[in-house]
Each structure stands twice: as C-alpha cells, then as structure tokens.
Amino acid sequence: MSDFKEITLQGLWKNNPALVQLLGLCPLLAVSASVVNALGLGLATMAVLTSSNLVVSLIRNQVTDAIRLPAFVMIIASLTTCVELLMQGFTYELYEILGIFIPLIVTNCVILGRADAFASKNGVLASAWDGFTMSLGFTLVLVLLGGIRELIGQGTLFNQMELLFGPMAAHWKIVVFHNYPGFLFAVLPPGAFVALGLLISLKNIIDRHLKERAAQAHSHTDTASTGSKRVRVTGHVE
C-alpha cells in the first residue's frame, strides 16, 4: 500500500510531469486556451498513458532490449489511434479543434518515458496505477492552466463544454466578468508560458514552505529527545 501511496504522490505532486519533469509541454501550452480543450486533451492522454503502461508491463518479459523502444512506440501509436477514432465518433467537433495534437500524443515524452522508466520494470497493477496518476497530474495542471487562460482571456469558465459532454453541458458556462473586453495575450501561447511559469513558481514556494516546516518539526523532536536522555543519565548515576 505504501508503494501505491508513493506512486500517487509522485504522479500528482513530487514528480508531476508538467510542473517538475516539464514533459509534454508542447500540447499543454498549445491547446490549453480553454477548459474544454484542456480537459479533452487531458482525458485522451490519460487513456493512452494508462493503457500503454498496462500493455508494456504485460509484455515486458517477452521484449528484448534491442526492440524495446520500437515496440513501445508501436503500442502507444496503436492506442492513440483507438483514442483518435473514439473522439471522431463521439466528440468530432472537439477533435477538429484539438487537431494535430491528438495524433501527436504518440510523441508525448511523458508516455514513452513512463513506459520505459517504470512499466518495463514493474508489475501490471503498479504500472497501470503509475500511468493513471501521472496522467491525472498532467491533466489537472492542463485543466488549471486552461481555466486560468479562459478566465483572463475571455472572462468565462466552462464555455462550450457540450463539445465534450453533449447537450446536457450546454448550460455549464459561467460568465465571471460581464461585458469583459477580453485579453488576447492570455489566449495566445505567450500567455500560456507566463501562466505555466506562475504555476511552477507557486509549487516551488509550497514545497519550500513544507520543507521548512518539516525541518522545524525535526528540530523540536531532536531537542525533546536530547532532554529525555539527560533525565535517564541523571537517574542512572544516582
């Protein structure tokens, strides 16, 4: 259980693909102009990364090192094609908006990296969980970035969610700033760079604060432990 807890922490926070490893930034920055775009790409990446880790782990003992990477790429490409066909069948308009970035999931460094670094060396359940948590961490950052850019760029949240969830989501749009003129910089890729930089800075600040608190707690524990030893020593002398 502790291993799965550590895998979860690694994927969601400590080794987050978008904030720490800085992998897969090209699609992350390109399509995160709105929440629906970010969530669509995030779910597609999640499906491919989780299933590819699962398949790679299953065949890891049958694949030699000489053909390891080509085999992994073939698996990832096949799964990406499946996701692409599903999006064409069920969310065609969103598929058209995301464009080339759905087929380019094949080249996403996060997916090939996890297949080679983790799934090829670990069991099926651990590998599937690693793929799920890593892709979930990537998707959460993607959606957060999309929310920030949509809010600052258009003054709305959850606009056009019906492209992903159908007619029931037609009224999910929230107009935060009425009569908002818009801020083009936030919608364009340079705005994505700035927003991602702020998110990375915020994570570093939180990590530094947590590290300082842990160091203070450790210092208090050492002090209490030292005082206890003095009492025992005094008692032994007497």
Side-chain angles (χ1 to χ4, degrees), residues 11-12 16-18 23-59 72-115 119 124-125 127-151 153-154 156-176 187 189 192:
L12 297 183
N16 186 285
L23 296 176
L25 294 187
C26 178
L28 184 140
L29 297 174
V31 304
S32 61
S34 65
V35 173
V36 66
N37 290 359
L39 185 58
L41 182 65
L43 292 177
T45 304
M46 186 181 293
V48 175
L49 179 48
T50 304
S51 54
S52 65
N53 261 23
L54 176 65
V55 175
V56 168
S57 178
L58 282 172
I59 66 165
F72 293 170
V73 172
M74 288 296 293
I75 292 170
I76 295 169
S78 301
L79 295 169
T80 301
T81 302
C82 294
V83 170
E84 188 179 358
L85 293 174
L86 286 172
M87 291 193 70
Q88 288 182 18
F90 294 99
T91 59
Y92 184 73
E93 291 183 352
L94 182 60
Y95 170 79
E96 288 283 291
I97 293 173
L98 296 178
I100 190 64
F101 291 102
I102 294 300
L104 283 181
I105 289 176
V106 178
T107 63
N108 193 316
C109 302
V110 178
I111 299 175
L112 185 58
R114 297 317 297 175
V124 174
L125 288 179
S127 297
W129 187 247
D130 175 78
F132 176 75
T133 53
M134 280 287 169
S135 57
L136 180 61
F138 180 78
T139 302
L140 290 176
V141 174
L142 196 58
V143 172
L144 181 58
L145 191 61
I148 293 172
R149 294 180 65 191
E150 183 180 338
L151 179 63
Q154 306 174 37
T156 63
L157 283 174
F158 308 116
N159 189 25
Q160 293 185 311
M161 293 298 286
E162 65 273 16
L163 297 178
L164 186 60
F165 296 105
M168 69 174 184
H171 304 291
W172 290 6
K173 178 182 176 180
I174 300 174
V175 180
V176 180
V187 180

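Taking 4.5 Å as the limit, some side-chain heavy atom of Thr50 sits within range of a side-chain heavy atom of Ser135. The closest side-chain heavy-atom distance from Tyr95 to Glu84 is below 4.5 Å. Two residues are said to be in side-chain contact when any heavy atoms from C-beta on lie closer than 4.5 Å; Lys173 and Val175 meet this criterion. Thr107 is not listed as a side-chain neighbour of Leu112, based on a closest heavy-atom distance of 4.5 Å or more. Two residues are said to be in side-chain contact when any heavy atoms from C-beta on lie closer than 4.5 Å; Val56 and Ile75 meet this criterion. For the pair Phe158/Ser34, no side-chain contact is recorded, criterion being any heavy-atom separation below 4.5 Å from C-beta on. With a 4.5 Å cut-off on side-chain heavy atoms, Met161 and Leu39 count as touching. Considering only heavy atoms from C-beta on, Met134 stays 4.5 Å or farther from Phe138 through its side chain.
Nearest heavy-atom pair, Leu98 versus Met87, reported as atom, atom and distance to 0.1 Å: CD1-CE, 3.9 Å. Residues Phe101 and Cys26 approach most closely at CE2-SG, 4.0 Å, considering heavy atoms. Between Leu54 and Ala128 the shortest heavy-atom distance is CD1-CB, 4.3 Å. The two residues Leu157 and Gly147 have their closest heavy-atom pair at CD2-O, 3.5 Å. Of all non-hydrogen atoms in Gly24 and Val110, the two that sit nearest each other are N-CG2, 4.1 Å. Across all non-hydrogen atoms, the minimal contact from Ser32 to Leu145 is OG-CD2, 3.4 Å.
Atom CG of Leu23 and atom CG of Asn16 lie 10.0 Å apart (nearest 0.5 Å). Rounding to the nearest 0.5 Å places CD1 of Ile111 at 4.5 Å from CG of Asn108. Here the CG atom belonging to Asn159 is positioned 13.5 Å from the CH2 atom belonging to Trp172, to the nearest 0.5 angstrom. Put simply, CG on Leu163 and CG on Asn37 are 8.0 Å apart, with the number rounded to the nearest 0.5 Å. With rounding to the nearest 0.5 angstrom, the CG atom of Leu142 is 5.0 Å from the CG atom of Leu28. One finds the CG atom of Leu79 at 11.0 Å from the CE atom of Met74 (value rounded to the nearest 0.5 Å).
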- Message: side-chain contact (heavy atoms from CB on, under 4.5 Å) for Leu164 and Leu43? Distances and angles first, verdict last.
- Response: CA-CA 10 Å; Leu164 186 60; Leu43 292 177; 4.1 Å; yes
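No more than 12 heavy atoms of other residues, nucleotides or ligands shown are found within 6.0 angstrom of CD on Glu93. By the 6.0 Å contact criterion, CZ on Phe165 is enclosed, its count of non-hydrogen atoms from other residues, nucleotides or ligands being greater than 12.
Checking side-chain atoms of Thr139 against main-chain N and O of Gly42 turns up a donor-acceptor pair under 3.5 Å. Side chain of Glu150 to main chain of Val35: a donor-acceptor pair is present (N/O by atom type, distance under 3.5 Å, no hydrogens or angles).
Test Leu41, Thr45, Val31, Thr81 against Ile102 for side-chain contact (heavy atoms from CB on, under 4.5 Å) and you get one pass: Leu41. Among Leu125, Val124, Asp130, the one residue that satisfies the side-chain contact (heavy atoms from CB on, under 4.5 Å) test with Ser57 is Val124.
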